[in-house]
Visitor: 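There's a structure below that I have some questions on.
Side chains are part of it too, since the values below use all heavy atoms of this structure and drop only hydrogens, waters and symmetry mates. Convention: sequence-line order gives letters A, B, ...; per-chain numbering from 1.
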Amino acid sequence: MAATKKSTMQKTVVKTDIAGQTLVTLRTLTEENPASLETYLKLGGYASLKRIVTEKVKATDIITEVKNSGLRGRGGAGFPTGLKWSFMPRYFDGTKYLVCNTDEGEPGTFKDRDIIRYNPHQLIEGMVIAAYTLGARVGYNYIHGEIWQDYEFFEGALQEARDAGYLGENLFGSNFSFDLYAVHGYGAYICGEETALIESIEGKKGQPRFKPPFPASYGVFGKPTNVNNTESYTSIPWIMQHGGKAFADLGVPNSGGTKIFAVSGHVEKPGNYEVKMGMPFRELLALTGGVWKGRQLKAVIPGGPSTAVVPAAAMMDVTMDYDGLSKARSSIGAGSMIVMDETTCMVKTLHRLSYFFYEESCGQCTPCREGTGWVYRVLDRIVNGQGKMEDLDLLTDISNNISGRTICALGEAAATPVLSFIKHFRPEFEYYIQHGKSMVDGK
Amino acid sequence: MLSPEAIANIDYELTKYPANQRQAAVMSALRIVQMERGWLSKESITEVAQYLGMPEIAAMEVATFYNMYDLHPVGQYKVTVCTNISCMLRGSDEIVNYLQSKLGVGFNEITPDGKFCLKEGECMGCCGGAPLMHVNNTEMHEFLTIEKVDAIIEGLK
């Protein structure tokens, strides 16, 4: 069952400006060849795994450490990772699975890509530690198909880890064995939803499963499965190396550790910024070089389009952590921050977003399948000068009727931008309907 | 008939799954055959289904669900431009307009010489490099400018 396929790609990275950042999951970026195994070993990589396995550290102790770290799921839901791990059945007669979700497809989300291409071994170590803790025998890292070169690169990193004895049979001479494979998507946002992702691993169309049963009892091939986000697993080796408390202390109460913010849109230097949880938005914006072209900030989507848009005035006082963004009536989501300057037409932006959710709805639940298409058609007629004033209430009504009436969270995700854009920028929508053109660009 | 290379690559993917779960490899198998043949005909999908011992309709469901599978010919080079909001905010419209006039085709059309097909893409999860495009599902080109697009297209001729 030995899989061998080595990537021939060499990964070089331009030295990143890391001033002001606190690197945990991207910590190899301080080095010349961040993705290499040598670099990772030099930074103490795989030492925690070796200690855990050879000293037979108890699974319950590891889970306690992860709980103490305050780590919450970095894929968007923010569920405490340690608590999730405690849901996996301890005793099970058969194979348990471990799954990593590297399926980034929500606009503005590109943080996990940098982990697999710049720090793949820390992810691998995190997954092996999780597998040891949860008794998983086989793992899959599901990577979206669009980043094909990075997928192949990660397959090469896996082979390096196998060759070095960090994956496979009887690790460090123990009776613990774990095989880890990379598998790929091929263009479906919905597969970022954990049960759709599991369906996809099984070779099916990615339609979410009804929960319960949760993956911890019925996951891949019907077996107990733990699913976490890439950034979550990648935090684990640091936590085991430095202790849960040290990780928690990097952040603020209720939001332990660091977070990668993937910043796109109208900033001078788009990219990933790993910072301490609780950093004021102003400081994070300054790290990115600020709003581009010397323009004024108009609005920010802080965590990806499934999180509510926040107007500039409210955003300037926000701290970037779970509670800080809840207070702004939004959410940290996956940390996918989209910055919009004063020239942005919110009607056209929402129009494009609504097409995305319509296109990506899996079609399983009627409110989402029909509702996302309806929302798009209404917005489409508005941007084509055919809108009616009552359309704004109609959009709100449709969105409210999608929310809470679907199997998975795509329904809410599609409704949230519509509701928040109209709430905060209603005059722009009214202007567009009255004049048949944008208030912002006059077109 | 699947080629020996395709079979070898599919067999490699099968090593990732339990022996009684051959269907799990269908995502890769369809990708492998598409990369070799340029697109997926019904016959190709049938061959994949037969090789994996799964119902043809189940393979067809997968091929039609995921948007990177091409169920129609896409020319020698499929160029997919993301137009979702992170790219839109950084000028993907300009890139699309330029490509359409340069290649003389609209979305989902193939140039008369069969070289290029232009597609509109959804988010590819690389938004820090916006605007961006993808060639043949494998090569990602980021931080696009008109000059860069020219160089990429010239390089493909």
Side-chain angles (χ1 to χ4, degrees), chain A residues 1-5 95 103-110 112-114 138 140 144-150 179 181-189 191 200-207 221 262-266 270-272 301 305 336 338-341 344 348-349 352-353 356 359-360 362, chain B residues 9 11-31 34-35 52 54 58-69 80 82-90 92-93 120-130 132 134 136-140 142-143:
Chain A
M1 161 114 186
T4 53
K5 198 171 201 185
T95 305
D103 189 42
E104 298 179 296
E106 181 158 319
T109 313
F110 53 93
D112 298 334
R113 178 194 186 203
D114 276 6
V138 177
Y140 297 109
H144 62 105
E146 288 86 348
I147 49 169
W148 186 252
Q149 290 152 320
D150 304 309
D179 292 312
Y181 305 102
V183 295
H184 66 80
Y186 226 50
Y189 164 59
C191 290
S200 189
I201 290 176
E202 294 181 357
K204 299 169 187 163
K205 59 191 154 103
Q207 291 190 319
F221 307 127
V263 187
S264 65
H266 293 155
N272 283 312
I301 297 174
S336 321
I338 302 172
V339 175
M340 291 170 276
D341 73 18
T344 311
K348 287 175 186 163
T349 304
R352 181 63 186 86
L353 268 182
F356 169 74
E359 165 74 22
E360 298 295 335
C362 82
Chain B
N9 284 327
D11 286 349
Y12 160 73
E13 296 297 331
L14 283 165
T15 62
K16 299 175 179 177
Y17 308 103
N20 63 351
Q21 299 288 349
R22 290 175 64 88
Q23 175 173 344
V26 70
M27 295 278 293
S28 316
L30 290 171
R31 184 257 308 162
Q34 174 168 297
M35 279 171 140
L52 295 175
M54 64 191 282
M60 184 61 83
E61 277 183 344
V62 169
T64 53
F65 188 85
Y66 298 89
N67 65 26
M68 288 169 69
Y69 295 117
T80 313
C82 175
T83 59
N84 214 313
I85 63 169
S86 293
C87 284
M88 180 180 132
L89 294 173
R90 294 189 80 94
S92 59
D93 286 358
E120 181 171 28
E122 282 304 338
C123 183
M124 305 189 196
C126 303
C127 326
L132 51 85
H134 216 208
N136 284 349
N137 287 344
T138 50
E139 280 173 49
M140 182 68 73
E142 301 173 72
F143 303 104

Visitor: Side chain of Asp114(A), backbone of Asn272(A): donor and acceptor closer than 3.5 Å?
Guide: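 Pair absent, no side-chain N/O of Asp114(A) close to backbone of Asn272(A).
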Visitor: Is the backbone N or O of Glu122(B) less than 3.5 Å from a side-chain atom of Glu359(A), with the two atoms forming a donor-acceptor pair by type?
Guide: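 No.
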Visitor: For chain A, which of Val26(B), Thr83(B), Asn20(B), Leu14(B) has the most heavy-atom pairs under 4.5 Å?
Guide: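 Heavy-atom pair counts peak at Thr83(B).
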Visitor: Side chain from CB out, backbone as N, CA, C, O: work out which of these in His184(A) comes under 4.5 Å of a heavy atom of chain B, or both, or neither.
Guide: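 Its backbone and side chain both get close to chain B.
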Visitor: Of the backbone (N, CA, C, O) and the side chain (C-beta and beyond), which part of Tyr140(A) lies under 4.5 Å from a heavy atom of chain B, both, or neither?
Guide: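 For Tyr140(A), side-chain heavy atoms alone lie under 4.5 Å from chain B.
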Visitor: Starting at CE of Met124(B), measure out to NE2 of His144(A) and round the result to the nearest 0.5 Å.
Guide: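 Reported to 0.5 Å precision, the distance equals 10.5 Å.
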Visitor: What part of Cys191(A) gets within 4.5 angstrom of chain B, counting heavy atoms only: side chain, backbone, both, or neither?
Guide: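 The side chain, not the backbone.
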Visitor: What's the spacing between Asp179(A) CG and Lys16(B) NZ if we round to 0.5 Å?
Guide: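 That separation rounds to 12.5 Å.
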Visitor: Examine whether an atom of Ser336(A) lies under 4.5 Å from a heavy atom of chain B, and if so say whether it belongs to the side chain, the backbone or both; otherwise answer neither.
Guide: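 Nothing of Ser336(A), per the 4.5 Å heavy-atom cut-off to chain B.
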Visitor: Which residue out of Ser28(B), Ala29(B), Cys123(B), Gly121(B) racks up the most heavy-atom pairs below 4.5 Å with chain A?
Guide: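 That would be Cys123(B).
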Visitor: Kindly compute the distance separating CD (Glu106(A)) from CD1 (Ile338(A)), expressed to the nearest 0.5 Å.
Guide: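 If I round to the nearest 0.5 Å, the distance is 7.5 Å.
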Visitor: Using 30° and 60° as the class boundaries, would you call the ring planes of Tyr69(B) and Tyr186(A) parallel, tilted or perpendicular?
Guide: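 Rings of Tyr69(B) and Tyr186(A): tilted, 30 to 60°.
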Visitor: Side chain, backbone, both or neither: which part of Thr80(B) has a non-hydrogen atom closer than 4.5 Å to chain A?
Guide: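 Nothing of Thr80(B), per the 4.5 Å heavy-atom cut-off to chain A.
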Visitor: Would you check if the side chain of Gln21(B) reaches a backbone N or O of Phe221(A) as a donor-acceptor pair within less than 3.5 Å?
Guide: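 No.
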Visitor: Answer with side chain, backbone, both or neither: which region of Glu360(A) has an atom nearer than 4.5 Å to a non-hydrogen atom of chain B?
Guide: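 Only the side chain of Glu360(A) comes within 4.5 Å of chain B.
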Visitor: Under a 4.5 Å heavy-atom cut-off, does chain B meet the side chain of Glu202(A), its backbone, both or neither?
Guide: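 Glu202(A) touches chain B through backbone heavy atoms alone.
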Visitor: Only pairs of heavy atoms separated by less than 4.5 Å count here; which of Gly185(A), Ser200(A), Ala262(A) has the most with chain B?
Guide: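 Of the options given, most contacts go to Ser200(A).
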Visitor: Counting only N and O atoms by type, is there a donor-acceptor contact under 3.5 Å from the side chain of Tyr189(A) to the main-chain atoms of Pro107(A)?
Guide: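 No; zero donor-acceptor contacts below 3.5 Å.
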Visitor: Can you say whether Met88(B) sits under 4.5 Å from chain A via the side chain, the backbone, both, or neither, judging by heavy atoms?
Guide: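 When you check distances to chain A, only side chain atoms of Met88(B) fall under 4.5 Å.
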Visitor: Does any backbone or side-chain atom of Thr349(A) lie under 4.5 Å from a heavy atom of chain B? Answer side chain, backbone, both or neither.
Guide: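 Both the backbone and the side chain of Thr349(A) come within 4.5 Å of chain B.
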Visitor: Flag the pair Arg22(B) and Glu13(B) as a salt bridge only when some basic side-chain nitrogen lies within less than 4.0 angstrom of an acidic carboxylate oxygen.
Guide: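 The answer is no: the pair does not qualify as a salt bridge.
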Visitor: For chain A, find which of Thr64(B), Asn84(B), Leu30(B) contributes the most heavy-atom pairs closer than 4.5 angstrom.
Guide: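 Ranked by heavy-atom pairs under 4.5 Å with chain A, first place is Asn84(B).
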